[in-house]
Asker: 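There's a structure below that I have some questions on.
Any value given below was found using the heavy atoms of this structure, including those in side chains, with hydrogens, waters and symmetry copies removed. This one's a predicted model, so the numbers in the text were calculated from it and none came from an experiment.
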Amino acid sequence: MNSLDNSWWYKKHKEYISVSSFERKLLIEHIKHQSNFKKNRYTDSKLVFNWNLAQEKYAFFFDYQGGDEEIATWLLNSRFVESKSVLMDVDHKLVIEVETMYYICNWYDFYAATAFMGQLLCNETFNLVMELKEDDGTAL
C-alpha cells in the first residue's frame, strides 16, 4: 500500500498524478541550475528563490475567499499552459507530476495537499517556476 493512499487529495486525483523521481531538495537544485534562479538567503522568508533577482516575475495575492476561479483564469493566461506537465512539491520530500491543465483546474486542491504550507511548482523544462507563499498568500 502506498503511503499516499490515505490522503484525501491523492484519493481524489491519483489517476492524474505520478510520483516524480525527484525529491524536493533535488528539484530545487535542478531548477536552480536550469533557470539561473538564485536561492533565497533571507531567513525571514519562506520562499525558496530570491524573486528580487528574477528578471521576469509576476506576483499576485491568492489567499482570499472565492478567488479559486479567478486564480485558475490567471493560470490559464500564464505561460504555464504551454507546458505539458508541472512538477510540484507536496511536502519536504515528495514531488509529484501532473498534467498542466489538470493542475490549473484543481490548483487549490494541490495547494491544500501541502497543508497550506506553501508550494514550489515548475514546468517540465524547469524554466517556469512558481511559488505559493503561505505566510502571506502570495504567488510569485
Side-chain angles (χ1 to χ4, degrees):
M1 180 180 202
N2 186 336
S3 63
L4 292 173
D5 288 335
N6 292 326
S7 60
W8 67 268
W9 63 270
Y10 185 74
K11 288 177 186 176
K12 182 176 179 180
H13 302 288
K14 70 180 174 182
E15 62 193 80
Y16 302 98
I17 294 171
S18 62
V19 176
S20 172
S21 59
F22 286 107
E23 284 191 356
R24 184 176 194 268
K25 190 173 185 175
L26 182 59
L27 178 66
I28 290 168
E29 289 304 312
H30 205 73
I31 291 170
K32 187 176 90 171
H33 292 300
Q34 294 292 327
S35 67
N36 293 322
F37 281 117
K38 304 295 183 215
K39 283 183 75 173
N40 198 357
R41 303 264 188 250
Y42 301 113
T43 57
D44 63 337
S45 175
K46 295 184 178 152
L47 289 170
V48 174
F49 295 105
N50 185 342
W51 292 95
N52 292 325
L53 300 176
Q55 291 181 9
E56 185 178 1
K57 65 184 174 193
Y58 306 93
F60 58 87
F61 183 74
F62 69 89
D63 191 15
Y64 57 92
Q65 190 77 21
D68 299 1
E69 289 180 26
E70 184 176 19
I71 303 305
T73 300
W74 289 347
L75 292 169
L76 282 169
N77 290 312
S78 75
R79 290 181 36 213
F80 271 101
V81 296
E82 300 166 6
S83 304
K84 180 182 174 201
S85 64
V86 292
L87 294 160
M88 73 200 79
D89 65 341
V90 177
D91 58 29
H92 289 291
K93 287 199 175 240
L94 182 66
V95 174
I96 61 172
E97 185 171 9
V98 65
E99 200 173 292
T100 303
M101 292 308 292
Y102 190 81
Y103 172 82
I104 289 172
C105 293
N106 297 281
W107 76 271
Y108 193 80
D109 279 357
F110 289 110
Y111 177 61
T114 71
F116 304 102
M117 295 303 295
Q119 186 171 59
L120 177 65
L121 178 83
C122 69
N123 66 342
E124 72 273 356
T125 57
F126 306 98
N127 67 329
L128 296 176
V129 179
M130 181 171 70
E131 285 190 75
L132 302 177
K133 182 179 171 186
E134 43 73 35
D135 54 348
D136 68 0
T138 301
L140 295 161

Asker: Got a sec, which pairs hit salt bridge (charged side-chain N to carboxylate O under 4.0 Å, His left out) with one end in residues 82-92, sequence neighbours left out?
Answerer: R24-D89

Asker: By side-chain contact (heavy atoms from CB on, under 4.5 Å), which residues pair with T114, not counting sequence neighbours?
Answerer: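 Counting only residues at least two positions away or on another chain, T114 forms a side-chain contact (heavy atoms from CB on, under 4.5 Å) with Y111, Q119.
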
Asker: Please identify each residue that fulfils side-chain contact (heavy atoms from CB on, under 4.5 Å) with K25, with sequence neighbours left out.
Answerer: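 Result, side-chain contact (heavy atoms from CB on, under 4.5 Å) vs K25: none returned.
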
Asker: Does the N123 side chain pair with the main chain of N127, one donor and one acceptor, at a distance under 3.5 Å?
Answerer: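 Yes.
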
Asker: For K12, give me all partners under salt bridge (charged side-chain N to carboxylate O under 4.0 Å, His left out), at least two apart in sequence or on another chain.
Answerer: D109

Asker: Answer whether the closest heavy-atom distance between the side chains of Y103 and L75 falls below 4.5 Å.
Answerer: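 When only atoms from C-beta onward are counted, L75 and Y103 do touch, with a gap below 4.5 Å.
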
Asker: To the nearest 0.5 Å, what is the distance between CD1 (I17) and CH2 (W9)?
Answerer: 4.5 Å

Asker: Heavy atoms only: give me the nearest A113-V90 pair and the separation to one decimal.
Answerer: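 Shortest heavy-atom separation between A113 and V90 comes out as O-CG1, 3.7 Å.
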
Asker: Once you round to the nearest 0.5 Å, how far does CG of N6 lie from NZ of K11?
Answerer: 5.5 Å

Asker: Return the set of residues passing side chain to side chain donor-acceptor pair (under 3.5 Å) with S85 (not counting sequence neighbours), or none when no residue passes.
Answerer: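 Only E97 meet the side chain to side chain donor-acceptor pair (under 3.5 Å) criterion with S85.
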
Asker: Nearest 0.5 angstrom please: S78 OG to I71 CD1, how far?
Answerer: 11.5 Å

Asker: Between atom OG of S7 and atom NZ of K14, what is the distance when rounded to the nearest 0.5 Å?
Answerer: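 Between atom OG of S7 and atom NZ of K14 there are 9.5 Å.
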
Asker: Is any side-chain heavy atom of L87 closer than 4.5 Å to one of F126?
Answerer: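 They are in contact (side-chain heavy atoms under 4.5 Å apart), so the answer is yes.
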
Asker: Could you pull out the closest heavy-atom pair between V95 and F22, with the gap in Å?
Answerer: CB-O, 3.4 Å

Asker: S83 and L128: side chain to side chain contact (heavy atoms under 4.5 Å, CB included), yes or no, with the steps?
Answerer: CA-CA 9 Å; S83 304; L128 296 176; 4.1 Å; yes

Asker: Looking at every heavy atom in both A72 and I104, which two are closest together, and how far apart are they?
Answerer: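 Answer, listing the atom of A72 first, then I104: O-CG2, 3.5 Å.
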
Asker: Side chains of L121 and F80: closer than 4.5 Å at any heavy-atom pair?
Answerer: yes

Asker: If the condition is ring-ring contact (aromatic ring centres under 6.0 Å, His included), which residues does Y102 pass it with, not counting sequence neighbours?
Answerer: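 Applying ring-ring contact (aromatic ring centres under 6.0 Å, His included) to Y102 gives H13, Y16.
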
Asker: State, yes or no, whether a side-chain contact exists between I96 and M88 at a heavy-atom distance under 4.5 Å.
Answerer: yes

